[in-house]
2 protein chains.
Amino acid sequence: MKKYPAACEAPDGYSCPVEATIDIIGGKWKSVILYHLINDKKRFNELRRLIPAVTQRMLTLQLRELERDGIVCRTIYKQVPPKVEYSLTEFGKTLIPIISQMMNWGTSYAGKIKEARQRSAAAEKLESQG
Amino acid sequence: MKKYPAACEAPDGYSCPVEATIDIIGGKWKSVILYHLINDKKRFNELRRLIPAVTQRMLTLQLRELERDGIVCRTIYKQVPPKVEYSLTEFGKTLIPIISQMMNWGTSYAGKIKEARQRSAAAEKLESQG
DNA sequence: CAGGATCCGGGGGGATACTG
DNA sequence: CAGTATCCCCCCGGATCCTG
């Protein structure tokens, strides 16, 4: 929901379809969260353990945005201690093909990333040293 | 390339395959850039026009990162005025299925995004007003 | 045309403490 | 357990000016 110059504004506010998708899953942790929700629902602290690098604050914020956008459903069980479960909505499930592709790509090429970065880092070093 | 607690560190530094993918295309504009490069190479100012919301600074930065990661190739033509073309590398082309899925989803559901947000905004308003 | 350099403000996001 | 609330720092990213 950003503002663009009127001249280039598409009817839906995006200049290309990919932008709309990024608007939904572009958050730093959203795709990872969705990945963990594909097979079954998860509790809050379960997600924290599954995504060790995320802080509890950020997890909350990202989950709230996903909920706002109708992607995930938040189920509260009235009991002590509290119990909250997060799951994909029907709308959220339409994103599975994307997450699935991301998973496939990551599985296949995660190793190549470090290679590529080491190569470019080495090249840069050479250049700076003359 | 972030640091995680050693206990949860995967061999490749990611806690799940999706994280690796996000590490590459997670930048604010990267997927949109790749989308515009799928069919053919583009010049710098061409991309600026295609992505009106991006500043020239951000476009440069995102392109540099994509180049570093071996996703896009930067071809400089020695001439005045300068001419630079950006295109997908072979490695970059392996991302096409993901971008393609993003495109499909955005095309199908861009409209539903505003609906969902208006609904939750309305619900929120009701709640705050009692 | 394709950027590099610099200045600068706002907010993204971490750490910590508290709560129903 | 599943969050809120608060403080605060850093850096992302916009605006502007300059260059080969």
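A quick note: this is a predicted structure, and the numbers were derived from the prediction, not measured. Below, read A as the first sequence line, B as the second, and so on, with proteins coming before strands; counting in each chain starts at 1.
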*Asks:* Under 4.0 Å between any heavy atoms, over every strand shown, what does R48(B) touch: base, sugar-phosphate, or nothing? Just pick one.
*Replies:* nothing
*Asks:* For the pair made of NZ in K83(B) and P in dA2(C), what is the distance, rounded to whole Å?
*Replies:* 9 Å
*Asks:* Please test K42(B) against E85(B) for salt bridge (charged side-chain N to carboxylate O under 4.0 Å, His left out), starting from the C-alpha separation and ending with a verdict.
*Replies:* CA-CA 5 Å; K42(B) 296 278 160 58; E85(B) 281 178 347; over 6 Å; no
*Asks:* Check the pair D69(A), R64(A) against salt bridge (charged side-chain N to carboxylate O under 4.0 Å, His left out), reporting the backbone distance first and the verdict last.
*Replies:* CA-CA 9 Å; D69(A) 292 340; R64(A) 288 292 176 280; over 6 Å; no
*Asks:* For L63(A) and dG3(D), give me the distance from atom CG to atom P, rounded to whole Å.
*Replies:* 8 Å
*Asks:* Between atom CD in E65(A) and atom P in dG11(C), what is the gap in whole Å?
*Replies:* 15 Å
*Asks:* Carefully, step by step, assess H36(B) and V32(B) under the rule side chain to side chain contact (heavy atoms under 4.5 Å, CB included).
*Replies:* CA-CA 6 Å; H36(B) 288 296; V32(B) 179; 3.9 Å; yes
*Asks:* So, is R64(B) close to the dG4(C) phosphate, meaning a side-chain N or O under 4.0 Å from OP1 or OP2?
*Replies:* yes
*Asks:* Stepwise, does the salt bridge (charged side-chain N to carboxylate O under 4.0 Å, His left out) test hold for E90(A) with K93(A)?
*Replies:* CA-CA 5 Å; E90(A) 288 308 310; K93(A) 289 178 185 171; 3.1 Å; yes
*Asks:* May I ask you to say what Y86(B) touches in the nucleic acid, namely base, sugar-phosphate or nothing, with a heavy-atom cut-off under 4.0 Å?
*Replies:* sugar-phosphate
*Asks:* From NZ of K78(B) over to P of dC1(C), roughly how many Å is that when rounded to an integer?
*Replies:* 19 Å
*Asks:* Send over the distance from I76(B) CD1 to dG4(C) C1', rounded to a whole Å.
*Replies:* 14 Å
*Asks:* Out of I51(A), L50(A), N45(A), which one pairs with R48(A) under the side chain to side chain contact (heavy atoms under 4.5 Å, CB included) rule?
*Replies:* N45(A)
*Asks:* Taking CD1 from I33(B) and P from dA2(C), how many angstroms apart are they, rounded to a whole number?
*Replies:* 14 Å
*Asks:* Measure the acute angle between the ring planes of W105(B) and F91(A), then classify it against the limits of 30° and 60° as parallel, tilted or perpendicular.
*Replies:* parallel
*Asks:* With heavy-atom distances below 4.5 Å as the criterion, would you say the side chains of T60(A) and F44(A) are in contact?
*Replies:* yes
*Asks:* Starting from P on dA2(D), measure out to NZ on K42(A) and report it in whole angstrom.
*Replies:* 13 Å
*Asks:* Summarise protein proximity over nucleotides 11-20 of chain D in one line of letters, 5' to 3': B for base, S for sugar-phosphate only, - for none, counting protein heavy atoms closer than 4.0 Å.
*Replies:* --BBBB---B
*Asks:* Whole-Å distance between dA15(C) P and L59(A) CG?
*Replies:* 15 Å
